[in-house]
Amino acid sequence: MRTYPRNSPEAAARIVALALIADGHVSRSEIDALQHLQVDRELGLAPGAFATHVHQLCEDLLMGAYASGPMVSLIDEATLASLLDEVDAPDLQHKVLRLVEAAAGADQHLADAEATVIGAVQAHWGLLPEPLLRAA
């Protein structure tokens, strides 16, 4: 798995990408929600770069994977904690959580794998759920 500098746009993008692909299905509404929130600009990426980070995460996950099922199942707890450790700036954490929850809630269905990523983010960073998903 690639490593990125702490609090870099790439480290933040990877966490949002993980939530996006967590259940193995990326819906148009999830993509639209992130585009509406201007994910590239919000994370400090070049225009269109978020898609590259989604692709790179998929490559990293599939390099050693022989399992089927949700993509998040390919990441063990230690690896997930390591990815989350790369983002420790509170403002960036809140931004990432907002984007993660927007993508996960966009299709009006919170898959177990998406809930797992959101729960891990909230627990690891000590953040409360955003209002959108509290009601879901």
Side-chain angles (χ1 to χ4, degrees):
M1 182 80 61
R2 295 164 226 251
T3 59
Y4 296 112
R6 188 168 305 281
N7 299 315
S8 67
E10 297 81 11
R14 177 170 46 198
I15 296 166
V16 177
L18 180 60
L20 185 66
I21 67 167
D23 64 353
H25 173 74
V26 178
S27 72
R28 184 74 219 168
S29 60
E30 292 169 335
I31 297 292
D32 289 346
L34 289 174
Q35 287 178 340
H36 175 74
L37 293 171
Q38 300 179 348
V39 65
D40 293 315
R41 184 181 60 78
E42 281 293 304
L43 297 177
L45 298 168
F50 179 72
T52 300
H53 290 290
V54 173
H55 182 80
Q56 288 174 342
L57 175 62
C58 291
E59 285 178 344
D60 287 350
L61 291 173
L62 294 173
M63 286 294 286
Y66 302 102
S68 62
M71 295 293 275
V72 75
S73 67
L74 302 176
I75 297 179
D76 60 47
E77 287 182 36
T79 301
L80 181 55
S82 173
L83 300 181
L84 294 172
D85 283 343
E86 288 184 349
V87 176
D88 62 6
D91 288 345
L92 185 56
Q93 290 175 337
H94 285 281
K95 194 177 290 189
V96 167
L97 180 59
R98 182 175 55 84
L99 292 165
V100 163
E101 289 185 335
D107 60 2
Q108 305 302 309
H109 171 72
L110 184 62
D112 290 343
E114 293 168 330
T116 297
V117 172
I118 291 169
V121 166
Q122 291 168 335
H124 195 83
W125 291 342
L127 300 176
L128 297 175
E130 294 295 321
L132 172 67
L133 293 182
R134 275 190 231 142

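Every heavy atom of this structure was used, including side-chain atoms; hydrogens, water molecules and symmetry mates were not. The chain is numbered in sequence order, starting from 1. Quick caveat, the model's predicted, so the values are computed rather than measured.
- Between Ala113 and Ala22 the shortest heavy-atom distance is CB-O, 3.3 Å.
- Between the side chain of Ser82 and the backbone N or O of Ala78, no donor-acceptor pair lies under 3.5 Å.
- Distance CG/Leu34 to CD/Glu30: 8.0 Å, rounded to 0.5 Å.
- With contacts defined as side-chain heavy-atom distances shorter than 4.5 Å, the pair Met1/Arg14 qualifies.
- Considering CZ of Arg98 and CD of Glu42, their distance stands at 4.5 Å, rounded to 0.5 Å.
- Judged purely by atom type and a 3.5 angstrom limit, Asp23 has no side-chain atom pairing as donor or acceptor with the backbone of Ala111.
- In this structure, the side chain of Gln93 engages the main chain of Val87 through a donor-acceptor pair within 3.5 Å.
- Interatomic distance, CG of Leu83 versus CD1 of Ile15, reported as 6.5 Å (0.5 Å rounding).
- Between Ala33 and Ala102, the shortest heavy-atom contact is CB-O, 3.9 Å.
- The side-chain heavy atoms of Leu97 and Glu101, taken from C-beta on, include a pair separated by under 4.5 Å.
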Under the criterion side chain to side chain contact (heavy atoms under 4.5 Å, CB included), I'd like the reasoning laid out for Val54 against Val26: C-alpha separation, chi angles, the key distance, then a yes or no. CA-CA 11 Å; Val54 173; Val26 178; 5.8 Å; no
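- Note: Asp60 CG to His55 NE2 = 10.0 Å, rounded to the nearest 0.5 Å.
- Closest approach of Val96 to Ala12, counting heavy atoms only: CG2-CB, 3.6 Å.
- Of the inter-residue distances, the one linking Leu20 atom CG with His25 atom NE2 reads 10.0 Å to the nearest 0.5 angstrom.
- Of the possible polar contacts, one joining the Asn7 side chain to the Asp88 backbone as a donor-acceptor pair under 3.5 Å is found.
- Criterion: ILVMFWY side-chain heavy atoms under 4.5 Å apart, direct or through other members. Under it, Leu43 and Tyr4 are not part of a common hydrophobic cluster.
- A donor-acceptor distance shorter than 3.5 angstrom exists from the side chain of Asp40 to the backbone of Gly48, with no hydrogens or angles considered.
- Here the straight-line distance linking atom CG of Leu57 with atom OG1 of Thr52 works out to 12.5 Å at 0.5 Å rounding.
- The pair Arg2-Glu86 does not meet the salt-bridge criterion, since no charged nitrogen lies less than 4.0 angstrom from a carboxylate oxygen.
- Closest of all the heavy-atom pairs between His109 and Asp107 is O-OD1, 2.8 Å.
- Under a hydrophobic clustering in which Ile, Leu, Val, Met, Phe, Trp and Tyr are joined whenever their side-chain heavy atoms come within less than 4.5 Å, directly or via other members, Ile118 and Trp125 fall into the same cluster.
- Here the closest heavy-atom approach between residue Ser8 and residue Leu92 is recorded as O-CD2, 4.4 Å.
- Side-chain contact between Leu18 and Leu80 is present, with heavy atoms from C-beta onward closer than 4.5 Å.
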